[in-house]
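Have a look at the structure below, then the notes.
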Amino acid sequence: MCASVKYGSRGPALIPRMKTKYRIYYITLFSVVLLGLIATGMFQFWPHSIESSAEWSLDRRSVHDAPLVRIPMSSPIPERGDLSCRMHTCFDVYRCGYNPKNKIKVYIYPLQRFVDEVGVPISSTGLSREYNDLLSAISDSDFYTDDVSRACLFIPSIDVLNQNSLRIRETAQALAMLPRWDKGMNHLLFNMLPGGPPDYNTALDVPRDRALLAGGGFSTWTYRQGYDVSIPVYSPLSVEVDLPERQPGPRRYFILSSQTAIHREYRVELERLKEENGEALLLLDKCSNLSQGLASVRKRCYKGQVYDYPQILQESSFCVVLRGARLGQATLSDVLQAGCVPVIMADSYILPFSEVLDWKRASVVIPEEKLPEMYTILKSIPHRQVEEMQRQARWFWEAYFSSMKAIGMTTLQIINDRIYPYAALTYEEWNNPPVVKWTSVNSPLFLPLIPPRSPGFTAVVLTYDRIESLFRVITEISKVPSLAKLLVVWNNQNKSPPEAIDGLSLDQTHMVERSECINKFASVFATMPLKVVEHRADPVLYKDDFPEKLKSFPNIGSL
Amino acid sequence: MQAKKRYLILFSAGVSLILLFYLQGPASKRTPNRGDDPHPHWPHFSDPLRAFIPWDQTETEDYNVRVSPRHKRDDNSGASKCRMDSCFDFSLCRRNGFKVYVYPQQKGEKISESYQNILSSIEGSRFYTSDPGQACLFVLNLDTLDRDQLSPQYVHNLKTKIQNLNLWNNGRNHLIFNLYSGTWPDYTEDLGFDIGQAMLAKASISTENFRPNFDISIPLFSKDHPRTGGERGYLKYNTIPPFRKYVLVFKGKRYLTGIGSDTRNALYHIHNAEDVVLLTTCKHGKDWQKHKDARCDKDNAEYDRYNYKEMLHNSTFCLVPRGRRLGSFRFLEALQAACVPVMLSNGWELPFSEIIDWHTAAVIGDERLLLQIPSTVRSIHQDRILSLRQQTQFLWEAYFSSVEKIVLTTLEIIQDRVLQHNARSTLMWNRLPGGLFTLPQYSSYLGDFPFFYAVLSVKPQQKFTAVIHAVTPLVSQSQPIFKLLVAVAKSQYCAQIIVLWNCDKPLPAKHRWPATSVPVIVIEGESKVMSSRFLPYDNIRTDAILSLDEDTVLSTTEVDFAFTVWQSFPERIVGYPARSHFWDSNKERWGYTSKWTNDYSMVLTGAAFYHRYYNYLYTQYLPGSLKSMVDQLSNCEDILMNFLVSAVTKMPPIKVTQKKQYKETMMGQTSRASRWADPDHFAQRQTCMNKFASWFGTMPLVHSQMRLDPVLFKDQVSILRKKYRDIERL
């Protein structure tokens, strides 16, 4: 009350007889504006780092904002892909240059909407969700550059993932219109579904000059080894369905076939196998009684019994991946996700990322004509290997199949490894799942060498305080004929040598310290690398009842 | 009045708002930091995008009514290039396995020494068959190695000679070896005859002409390359840090004209005469003076200042630039010398590229980036150099050191393609002991081999199977075999005991065997020969085998201790009785000794642990000639096993704590009728050793001075603190 009285006494001069309601209203307005001003000032003069955080640059845009480009009828068409292309003939390595980080720079063309002369778009889908994911993943990665002049690899924003949705001729013309096309040099196209009916070519039919092709479903006839990259066909179920990893081990079914469009002849053979081996096999097909719709994609049936797909894949040790119209099958991704070992039957198929991945550790590849022998072949695989393959299959999916980002990054890394081969990832880095990476032992000295005595050895004596025993050690060691060098590491910078010559190892604090060291080291290594053994190396005639003079090392054992 | 004030406040608020927007304007413009770029990052589109596969089109239905997939598979056979599916008849291999037939050599047909070596390597291998009806792969009797028309080795009229071969069949299932093709000036890869559907095993093959998984790239080797055995690599010990006197060296011809000149002509740009020494000479051919350029005299003088051998041994990296053809002798020279090859030969399909991961043993450079090579090799970390260097040695000894190894590797690669899903994996080829010693028919699982435990981070099984070789009939219960059975069965690690009944007397009745806690399986040897003790019996399920003679005296403690040692060295033979070999310089041959010496190179299989894989290798890998020698003599099987295991591991066996019993046996203090007592026995073993060494082409045995004893063995501490007490009491 007191305050209002005070206010009231001054009040009339400024805001005479103003109603409290309005006063509050204006004060609020003022303070909001004032706060706004302060905030603006803050952002004006704040260090710039805060501004570039993603939230502020996130501008929601629409694909329809992309500029429209009309392709003239007479616009040039690139040549068909040259099968003899290799990195050293069709790829301009000078654009990548010497790079201390050994990382290629990738440029992505801005999105454009290409239409022909009458205004019909070149693609029925336009930019697909997957291609958009892929491009934004690349754009967020270390590979990305927005500086076209520094780029080593160019990625068009024209989506050619699925050839079915493309108008071949116009797409080719659109590619040739790209400002840096230059006969497709250093351009990378991603395609997962190549070819179309009736022949289903195994590589993208769009003429593309010298462009590199990351293709799903290459055959050995179209794949340019060391130039193209074989990629998987992405399965949308990778994100839609969360299949928790299952421990490797025996499953309810031995072999499972879940594909819906298996050729009649192969289905007959599979059914024959089922008759011979009964419950071990589960042959699923489309559900005929279910209504067509999105939900039916996630169901499979066997004699009226309905199973959830892809969950059912986790119930089997092996899962069949047969060729369909195309060699590359999205099923492969689902099967790997489920930790089921794929049995791949697609002759001449170049497996995804086969340049770096060792598929023998995660799959079984059987020639199509051996389909009737499949059961026997799989039965001959040792259990321990099957478990390893299940683990490996799941790891391949997690690392290389699980998202468009994973697929894109792997593709770029493979190309990067070719350009900087001396900095390439190793077989172990590509193929060992994290569990193995941590626990396996790759000794840096792996070659079995029994060095001659000639170069001798270097003795390293670590010392702290104990001068007398140090001298004793030095005199003893220096008698050894093979000694080449003796290195004394003096660990005490301040203290002069003490009088007491008590054994350090009897000192309790010393042992405690050493235990602490071991624990610390073990935590850094994330494992205990030391192994306990029960044996000790002795000279062959150690402590035998044998004349001393006949022994090579008579002093050992008699000391 | 009231309204006026109100408007005033409204106005000032408005001004402030405008100010706010004005100030914020440039700020927001600056946020992307690169205002002039139209698209710094890929934008986040807010509109719903469509999936690239419409859900109802995952697989087109009309596919099912179309032609049979078989036709689709065969569609490609019309293509000009070959693949295994289209140009190779697998059915030939299915009948009799992977057998290779060599056409009989015809009189008057000139065959170079190298090709002769290739043919005899095939004929000496386990793949060879003399019956073309059994064969799955055919090798010509016509020398196709040198197809340079200017060469004296060139075979004329090859075209007609080949067409006249009755089994030619347009080259189907044929393998053609070639080292040189084309001639001056362009050195094309044309062989001068139609190879049809034959596979090429060719040196200097380019990626353009290489038919993946069909052709095989082989290394260029000289006519002096040894047929078998071969020299070992030059690396004797590792040095850390791994740097040598020179960083990068090369010494070779420079071609003034014609193909392949550019790279070698430009080498002087990066030569610095200190640690990068790249020397070229213009002297080659008769008329080099005619084409001589301004640098020639200077280059030639510099060339003569350095010794090639000295440089090779003292350099970390060795440049391997293309010669007239893509491959050059420098490649194998560098590999053997543990000088990491720096490849500068664009488009060369590297030797055995199908199976060897060359990134682990060589630096693959780009001819276009010659000037960057010095900085590239300098940037390679020393850890990597150390591993590259060791890998060169492994690859050299595993696949390149002799003509036989090159040929066998070629054949094994083709066999892998025939085996398909059973083929070797990348690890088997690129890890010690290499693909030639890792037979994929044994198991497709790496963990079943003794070599990959550490890599896979798995452990060998904690149990063993004892195999007792019985040759004398059971007469009394005091026979050593009974004691042995009981002692071994008591071991906590024993899974089962197999008695191999190689005695002429019939099998004793079941009840005559002592009752044990582990199953005892008696197998009657079919042919009762020595080698049968190393057969890979199906009953053996454990990784470890304890091989025993029937008269071996062994206590349970000794068995337990030896097994724990074996678990640390699963790829080696671990056991008790040890022997040694030596070079008898008077007789110019290998000698065998059982004397008590300070070192040993063999551990006898009368009491030894080893991995069951070696039983398979002994039976499958060794030639019939050696095994039948063992069977005829009924002797030397243990020496042969030691040869085999040392050839694989390049390491000595491991002797565990001394066994006095053996000492006594050997000193003749027992009167038992043992085969050891036979004086011929010893002479035979000497002969065996020399025969084995000649087949291996080298002496694989390695000496060791180390014996593994239990920790605290014979130490002056209370016996109660020792785990393996009984060992000392013996």
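Chain identifiers are assigned alphabetically (A, B, ...) following the order of the sequence lines, protein sequences preceding nucleic acid strands; residue numbering begins at 1 within each chain.
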Exam field: side chain [X] to backbone [Y], donor-acceptor pair closer than 3.5 Å:
X      : Y      : answer
A:Q385 : B:S444 : yes
A:Y94  : B:R368 : yes
B:Q390 : A:P444 : yes

Please report the shortest heavy-atom distance between [X] and [Y], naming the atom on each side.
X      : Y      : value
B:H41  : A:D140 : ND1-OD1, 4.0 Å
A:P382 : B:D448 : CG-OD2, 3.8 Å
A:R129 : B:A51  : NH2-CB, 3.6 Å
B:N238 : A:L445 : ND2-CD2, 3.7 Å

Please look at [X] and chain A and tell me whether the side chain, the backbone, both or neither of the residue comes under 4.5 angstrom of a heavy atom of that chain.
X      : result
B:S425 : both
B:L712 : backbone
B:R389 : neither
B:F90  : neither
B:A578 : neither
B:F452 : neither

Measuring from [X]:[atom1] to [Y]:[atom2], what's the distance to the nearest 0.5 Å?
X      : Y      : atom1 : atom2 : value
A:D347 : B:M84  : CG    : CE    : 13.0 Å
B:H421 : A:K370 : NE2   : NZ    : 6.0 Å
B:I53  : A:S128 : CD1   : OG    : 9.5 Å
A:M192 : B:F52  : CE    : CZ    : 5.5 Å

Inset, instruction - Can you label the angle between the A:Y542 ring and the B:F713 ring as parallel, tilted or perpendicular, going by 30° and 60°? - result: tilted
Within-4.5 Å side-chain heavy-atom neighbours: [X] and [Y]:
X      : Y      : result
B:S379 : A:N102 : no
A:Y427 : B:N430 : no
A:R361 : B:L427 : yes

Legend entry - Those residues that, when tested against A:T220, pass side-chain hydrogen bond (donor to acceptor under 3.5 Å, both in side chains) (two or more places apart):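 Per chain and number, A:T220 pairs via side-chain hydrogen bond (donor to acceptor under 3.5 Å, both in side chains) with B:R83.
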Legend entry - Per-residue contact mode, A:Y234 against chain B (heavy atom under 4.5 angstrom): both
Legend entry - No-hydrogen, no-angle side-chain donor-acceptor test under 3.5 Å, B:W42 and A:N132: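 Side chains of B:W42 and A:N132: pair found under 3.5 Å.
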Inset, instruction - May I ask you to say whether A:R536 pairs ionically with B:D715, meaning some side-chain N is under 4.0 Å from a carboxylate O? - result: yes
